[in-house]
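The structure under discussion appears below in the form of structure tokens.
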Amino acid sequence: LNIHMARSGIISGTITDTQGKPLQGVAVFAFREGNSTGKDTEMTMADTLAITDTAGHYVLDNDISPGKYAIVVPWIFSKGHVAGQAQVLVNITAGGGAETHAATIMLQRSNQITGKVVDENGNPVSNATVIAMPRDLWSSGASASLGNLSLYQFLTGGQTSATTGADGRFRLDGAIGNGQYAVYASFGNIIPADNSVIVNVQGAAGASTPDIILGFSGVVRITGQVVS
């Protein structure tokens, strides 16, 4: 039995900040474009990964076959920057191993969203979890349906979370780009369906939300004492 293995193509490029400074230590992935259905295009992650060096350079050299790719720096591996990506067309010759240079990806430093979580009486709620995600990925209902997102959508979307302090205040300062974000709060299993707010973030100044109200009216409070 003879098995012929084609050599993988190579995609290389550079990651910088918006000032052109190379970014070291960020992760880079490749997603292969597939069939399009309506507005959605099937995106399959190639079995390859690179970490940028001191010059911000990366090389993806495994599982790269001919086709269109999105070169992605996910928000969770962008070191305080917004997710970024570039499109590249790989055209490998019969011998394989050809290198394709992708456009430089410039990552924007994260903006911030601040606000406060309160209960129905206006009292601050500490230790609540606050989540923000781009509005176009927001799913109406009790919460953002992250389970409905593809891996590509999740890694490029830019979700971020924070925990409120004793005064109920929070600051979201990771992976927040420009545009509209849906922000909502939860406390344990309490995720009110109507407590999300939409904010428009533009520039480093970020945005502040109106108070986010967590409703505890349907919660049963149990008190007691534990003895040995």
**Message:** Count I, L, V, M, F, W, Y as connected when their side-chain heavy atoms are under 4.5 Å apart, and connections chain through other members. Are Val82 and Val201 then in the same cluster?
**Reply:** no
**Request:** Go through the steps for Glu42 and Tyr152 under the test side chain to side chain donor-acceptor pair (under 3.5 Å), then give the verdict.
**Result:** CA-CA 9 Å; Glu42 181 183 0; Tyr152 173 76; over 6 Å; no
**Asked** Hey, is the main chain of Ala128 close enough, under 3.5 Å, to the side chain of Thr164 for a donor-acceptor pair?
**Response** yes
**Prompt:** Side chains of Val28 and Thr52: closer than 4.5 Å at any heavy-atom pair?
**Reply:** yes
**Asked** Looking only at heavy atoms, which two atoms of His81 and Asp17 are closest? And how far apart?
**Response** NE2-CB, 4.2 Å
**Prompt:** When rounded to the nearest 0.5 angstrom, what distance separates OH in Tyr69 from CD in Gln87?
**Reply:** 12.5 Å
**Complete:** Nearest heavy-atom approach of Ala103 to Ala86 is O-CB, 4.0 Å
**Non-hydrogen atoms of Ala70 and Gln85 that approach each other most closely** = CB-OE1, 3.7 Å
**Prompt:** Taking C-beta and beyond as the side chain, do Thr104 and Ile15 meet within less than 4.5 Å on heavy atoms?
**Reply:** no
**Asked** For the residue pair Ala46 and Ile64, what are the closest heavy atoms and their distance?
**Response** CB-CD1, 4.3 Å
**Request:** Output yes when a side-chain donor or acceptor of Asn111 lies under 3.5 Å from a complementary backbone atom of Gly177, and no otherwise.
**Result:** yes
**Message:** Is it the case that the side chains of Ser161 and Thr129 hold a donor-acceptor pair, with the cut-off being a distance below 3.5 Å and no angle test?
**Reply:** no
**Prompt:** Backbone N or O of Asn123 within a donor-acceptor pair of the Asn121 side chain at under 3.5 Å?
**Reply:** no
**Item:** Check against side-chain contact (heavy atoms from CB on, under 4.5 Å), Thr100 and Asn91
**Value:** CA-CA 8 Å; Thr100 302; Asn91 185 13; over 6 Å; no
**Complete:** Closest heavy-atom pair, Ile11 versus Val90, reported as atoms and distance to 0.1 Å, is CD1-CG2, 3.6 Å
**Asked** Considering only heavy atoms from C-beta outward, does the side chain of Phe187 approach that of Asn127 to under 4.5 Å?
**Response** yes
**Message:** Within the 4.5 Å heavy-atom criterion, are Gln159 and Phe154 side-chain neighbours or not?
**Reply:** yes
**Message:** With a 3.5 Å distance limit and no angle check, can you tell me whether Ser208 reaches the backbone of Gly115 through a side-chain donor-acceptor pair?
**Reply:** no
**Request:** Calculate, to the nearest 0.5 Å, the distance between atoms NZ and CD1 belonging to Lys116 and Ile212 respectively.
**Result:** 12.5 Å
**Asked** So, the side chain of Asn178 versus the backbone of Gly203: is there a donor-acceptor pair under 3.5 Å, distance only?
**Response** yes
**Prompt:** Would a hydrophobic clustering, with Ile, Leu, Val, Met, Phe, Trp and Tyr connected at side-chain separations under 4.5 Å, put Met45 with Phe77?
**Reply:** yes
**Message:** Taking the side chain as everything from C-beta on, heavy atoms only, tell me whether Val117 gets closer than 4.5 Å to Val130.
**Reply:** yes
**Prompt:** Taking all atoms of both residues into account, what is the closest heavy-atom pair of Gly25 and Ile51, and its distance?
**Reply:** CA-CG2, 3.7 Å
**Prompt:** Is there a donor-acceptor pair under 3.5 Å between the side chain of Asp61 and the backbone N or O of Ile10?
**Reply:** no
**Message:** Measuring from atom CG of Leu60 to atom CG of Asp47, what distance do you get when rounded to the nearest 0.5 angstrom?
**Reply:** 11.0 Å
**Message:** Is any side-chain heavy atom of Ser65 closer than 4.5 Å to one of Arg32?
**Reply:** yes
**Complete:** Per side chain to side chain contact (heavy atoms under 4.5 Å, CB included), Pro74 is matched among Val26, Leu151, Leu155 by Leu155
**Message:** Applying ring-ring contact (aromatic ring centres under 6.0 Å, His included), can you list everything that pairs with Tyr58, at least two apart in sequence or on another chain?
**Reply:** none
**Message:** How long is the straight-line distance from CG of Leu23 back to CD1 of Ile105, given to the nearest 0.5 Å?
**Reply:** 11.0 Å
**Spatial distance of atom CZ (Phe170) from atom OG1 (Thr209) [nearest 0.5 Å]** = 4.0 Å
**Request:** Could you tell me whether a side-chain N or O of Ser126 sits under 3.5 Å from a main-chain N or O of Ala166, the two making a donor and an acceptor?
**Result:** no
**Item:** Pairwise side-chain contact, Thr18 with Leu107, heavy-atom cut-off 4.5 Å (strictly under)
**Value:** no
**Item:** Side-chain donor/acceptor of His57 to backbone N/O of Ala55, under 3.5 Å
**Value:** no
**Request:** Tell me whether Phe29 is reachable from Met106 by hopping between hydrophobic residues (I, L, V, M, F, W, Y) whose side-chain heavy atoms are closer than 4.5 Å.
**Result:** no
**Message:** Within this structure, what is the CG-CZ distance for the pair Asn200 and Arg135, rounded to the nearest 0.5 Å?
**Reply:** 9.5 Å
**Prompt:** Do Ile176 and Tyr181 touch side chain to side chain, with heavy atoms closer than 4.5 Å?
**Reply:** yes
**Prompt:** Same cluster or not: are Trp75 and Leu49 linked, directly or through other Ile, Leu, Val, Met, Phe, Trp or Tyr residues, by side-chain heavy atoms under 4.5 angstrom apart?
**Reply:** yes
